[in-house]
Amino acid sequence: MLLSGRTIAVIEDDAVMGQSLRQSLSLEGAKVGLYGCAADALYAMNARGPDLVLCDMRLPDMNGDGLFRKMADDGTAPPFIFMTAYGDIDDAVSLMRAGAGDYLTKPFDMDILLGRIQTVLRPRLHEANAAILGVSPAMHAVERLLRLAAKVDSFVLITGETGSGKEVCARFLHDCAPPSKKPFIAVNCAAIPENLLESEIFGHEAGAFTGAAKRHLGYAERAGSGTLFLDEISELALPLQAKLLRLIEDRAFYRVGGETLIPFKARLVCASNANLESQVALKQFRADLFFRINVLPVEVPPLRHRQEDIPWLIDRFFIEFAERQMSALRGVSALAQNAALVHCWPGNVRELRNRIERAVALTLSDWIMPADLFPEKALRALTEPAPTSLAEVRDTAEKRQIERVLAQNNGQISKTAVALGVSRTTLWEKMRRLGLAVEG
């Protein structure tokens with residue numbers, strides 16, 4: 001089947017035509033979502049982006065060009081094929097120039113539509129069971145960007161919360177750039193004492209300082225023509241930031257105490273969990289260095305914003321630790337997976353990995369259960385008095401749901417209210433009544 005495994009959004013307010021398109025495309029193997037207006041389509045596509053959008057130019061609530069431009073502004077637009085009447089051709093051509101994809105005038109033959117679809121569909125990055133960084137649309141986008149970055153030697157800055165997988169992304173970038181057998185040198189700038197960091201990065205000559213008995217090759221030199229990955233670069237002291245900038249500008253450096261200029265051949269990839277732009281404004285990070293390393297920015301989303309990855313990661317980590325510990329466990333229960341899906345994961349992927357490792361080591365039953373993943377919650381449930389009235393049960397459930405959605409929206413009350421389907425004032429009153437901290 002031509003469209004096997006592909007997802008297509010059909011946006012058509014004519015119910016008869018919409019159903020006909022859905023049936024025809026489904027017979028070709030596509031998974032088809034049918035929407036009668038732009039608002040419904042936007043809501044569904046924000047949750048999971050399709051491979052292609054087949055859209056009528058004239059919709060009840062928004063024209064097709066408005067829908068495309070909105071998605072393009074958000075950076076989420078898949079290829080579009082517009083279905084248009086003769087009088088809208090000029091608008092459709094304008095959208096093609098804006099990058100939409102293609103258009104067809106009504107009525108059209110199904111074979112022609114299938115040919116156009118095959119032309120504009122983007123190639124798959126990989127099959128679902130061969131996912132590398134994740135199965136969520138967010139991580140597919142990160143992977144796509146890293147694959148493109150691997151084709152050039154520009155500097156890359158990877159940002160994201162602690163534990164979100166920045167080093168994993170850096171290693172993936174390194175492996176994508178041929179040949180991948182070259183060294184990958186990772187340096188955690190926060191883990192090395194400040195007075196040793198310069199020597200560790202640039203190396204030193206014998207006698208350069210007390211205790212320097214022999215020449216030491218630094219990370220920049222050991223990286224060769226591979227990759228030098230500087231994690232938590234925001235922790236670099238300002239004087240060392242200046243020396244790193246000089247290395248970038250000159251593509252060369254001196255060992256500490258040395259007089260011989262050493263060429264720097266490696267690709268530099270930096271990472272930070274801090275907001276470097278804010279640090280630049282506070283004069284804690286050099287603006288010139290920030291602009292040099294931020295050529296290709298890659299933001300890794302937190303785990304709470306890519307829930308599709310949670311079951312996938314659970315399976316990977318379970319297999320890893322079950323094999324390593326030669327465990328007879330049968331797997332992770334559906335109840336445990338559901339508990340993982342509602343957890344806010346402040347420690348991101350690293351926290352999930354650690355919880356799976358602990359559960360595999362300590363679980364006494366055949367299946368990992370919620371209490372194995374979250375023993376602190378099980379203990380709290382045992383020590384907290386159980387609610388006795390329906391009002392208390394309702395308040396307890398509301399409080400936990402508000403806490404979870406607040407965490408998913410970084411404490412932003414307006415976004416949380418929208419997600420919960422209540423007004424901002426109602427949410428504020430509930431939080432005050434339930435004893436939750438209200439921050440403006």
Report task. Looking only at non-hydrogen atoms, find the nearest pair between P183 and H174 and report the distance. Result -> O-CE1, 3.2 Å
Query raised in the report: Which is it for L157 and V295 under the side chain to side chain contact (heavy atoms under 4.5 Å, CB included) test, yes or no, and what are the steps along the way?
Result: CA-CA 7 Å; L157 176 63; V295 178; over 6 Å; no
Query raised in the report: Quick check: are there more than 12 heavy atoms from other residues, nucleotides or ligands sitting under 6.0 Å from CG of D288?
Result: yes
**Report entry** Pairwise side-chain contact, P301 with V142, heavy-atom cut-off 4.5 Å (strictly under)
**Finding:** yes
**Report entry** Donor-acceptor contact below 3.5 Å, side chain E235 vs main chain C189
**Finding:** no
**Report entry** Residue pair I201 / L247, side-chain heavy-atom distance below 4.5 Å
**Finding:** no
Query raised in the report: How close do L59 and A38 get, heavy atom to heavy atom, and via which atoms?
Result: CD1-CB, 4.1 Å
Query - Note: R6-E28 ion pair, threshold 4.0 Å (strictly below) - result: no
Query raised in the report: Less than 4.0 Å between a side-chain N and a carboxylate O, is that true for R316 and E320?
Result: no
Query - Flag if over 12 foreign heavy atoms under 6.0 Å of CZ, R358 - result: yes
Query raised in the report: So, do M83 and F108 sit near enough that their side-chain heavy atoms are less than 4.5 Å apart?
Result: yes
Query raised in the report: In terms of heavy-atom contacts, does CD of E249 have more than 12 from other residues, nucleotides or ligands at under 6.0 Å?
Result: yes
Query raised in the report: With distance as the sole criterion, is a donor-acceptor pair present between the side chains of R267 and T227 under 3.5 Å?
Result: no
Query raised in the report: For residues N348 and E161, is any side-chain donor paired with an opposing acceptor at under 3.5 Å?
Result: yes
Report task. Indicate the atoms forming the closest heavy-atom contact of E194 with A237, along with that distance. Result -> OE2-CB, 3.5 Å
Report task. Looking only at non-hydrogen atoms, find the nearest pair between A417 and L427 and report the distance. Result -> N-CD2, 3.6 Å
Query raised in the report: Passes side chain to side chain contact (heavy atoms under 4.5 Å, CB included), K31 versus I8? Steps please.
Result: CA-CA 6 Å; K31 182 179 180 181; I8 297 177; over 6 Å; no
Query raised in the report: Just by distance, do the side chain of D309 and the backbone of M139 share a donor-acceptor pair under 3.5 Å?
Result: no
Report task. Could you tell me the separation between the NE2 atom of H204 and the CG atom of L217, rounded to the nearest 0.5 Å? Result -> 9.5 Å
Query raised in the report: Hey, are the side chains of T159 and N273 touching, using non-hydrogen atoms and a 4.5 Å cut-off?
Result: no
Requested in this report: Report yes if some heavy atom in the side chain of S234 is under 4.5 Å from a heavy atom in the side chain of S272; otherwise report no.
Outcome: yes
Requested in this report: Return yes when atom CD of Q412 has more than 12 non-hydrogen atoms of other residues, nucleotides or ligands closer than 6.0 Å, and no otherwise.
Outcome: yes
Report summary line: Between the SG atom in C169 and the CD1 atom in I158, the distance rounded to the nearest 0.5 Å is 5.5 Å
Query raised in the report: Looking only at atom types and distance, does a side-chain atom of R355 sit under 3.5 Å from a main-chain N or O of L373, one as donor and one as acceptor?
Result: yes
Query raised in the report: Rounded to the nearest 0.5 Å, how far apart are CG of L146 and NZ of K151?
Result: 12.5 Å
Requested in this report: Take atom CD of E259 as the centre, draw a 6.0 Å sphere, and report whether it contains more than 12 heavy atoms from other residues, nucleotides or ligands.
Outcome: no
Report summary line: Tested for salt bridge (charged side-chain N to carboxylate O under 4.0 Å, His left out) against R255, the lone hit among E205, E200, E198 is E205
Report summary line: In this structure, SG of C270 is separated from CD1 of I248 (nearest 0.5 Å) by 6.0 Å
Requested in this report: Apply salt bridge (Lys or Arg N to Asp or Glu O under 4.0 Å) to R171 and E167, showing your working.
Outcome: CA-CA 6 Å; R171 289 184 181 275; E167 184 171 342; 3.1 Å; yes
Requested in this report: Look up atom CG in L27 and atom CZ in R22, then write down how far apart they are to the nearest 0.5 Å.
Outcome: 12.0 Å
Query raised in the report: So, N188 side chain and A190 main chain: donor-acceptor pair closer than 3.5 Å or not?
Result: yes
Query raised in the report: Okay, side chain of D51, backbone of T7: is any donor-acceptor separation there less than 3.5 Å?
Result: yes
Query raised in the report: Is the closest side-chain heavy-atom distance between F318 and I368 below 4.5 Å?
Result: yes
Report summary line: Scanning both residues in full, the closest heavy-atom pair of L228 with A220 reads CD2-CA, 4.1 Å
Query - K265 and E221 ion-paired at < 4.0 Å - result: no
Query - Heavy-atom donor-acceptor pair, R147 side chain to C176 backbone, under 3.5 Å - result: no
Report task. Mind running side chain to side chain contact (heavy atoms under 4.5 Å, CB included) on V360 and I356 for me, showing each step along the way? Result -> CA-CA 6 Å; V360 170; I356 295 293; 4.2 Å; yes
Query raised in the report: Does the N294 side chain pair with the main chain of F291, one donor and one acceptor, at a distance under 3.5 Å?
Result: no
Query raised in the report: Are T84 and L104 close enough, and set up right, to give a side chain to side chain contact (heavy atoms under 4.5 Å, CB included), and what steps lead you there?
Result: CA-CA 6 Å; T84 177; L104 288 167; over 6 Å; no
Query raised in the report: Taking the side chain from Q241 and the backbone from R286, do they hold a donor-acceptor pair closer than 3.5 Å?
Result: yes
Query raised in the report: Just by modelled atom types, is the A252 backbone N or O under 3.5 Å from a matching donor or acceptor in the D250 side chain?
Result: no
Query raised in the report: Is it true that a side-chain atom of S365 and a backbone atom of W367 form a donor plus acceptor pair closer than 3.5 Å?
Result: yes
Query raised in the report: Taking the six-membered ring for Trp, are W345 and H343 parallel (under 30°), tilted (30 to 60°) or perpendicular (over 60°)?
Result: perpendicular
**Report entry** Side-chain heavy-atom pair R353, F321 within 4.5 angstrom cut-off
**Finding:** yes
Report summary line: On a heavy-atom basis, the closest approach of A223 and I185 is CA-CG1, 3.6 Å
Query raised in the report: Does D372 reach the side chain of L362, with side-chain heavy atoms less than 4.5 Å apart?
Result: no
Report summary line: Between the CZ atom in R116 and the CG atom in L54, the distance rounded to the nearest 0.5 Å is 11.5 Å
Query raised in the report: Angle class for the F285/F290 ring planes (parallel below 30°, perpendicular above 60°, tilted otherwise)?
Result: perpendicular
**Report entry** Within 6.0 angstrom of Q284 CD, more than 12 heavy atoms from elsewhere
**Finding:** yes
Query - Salt-bridge criterion met for K106 and D56 (N-O under 4.0 Å) - result: yes
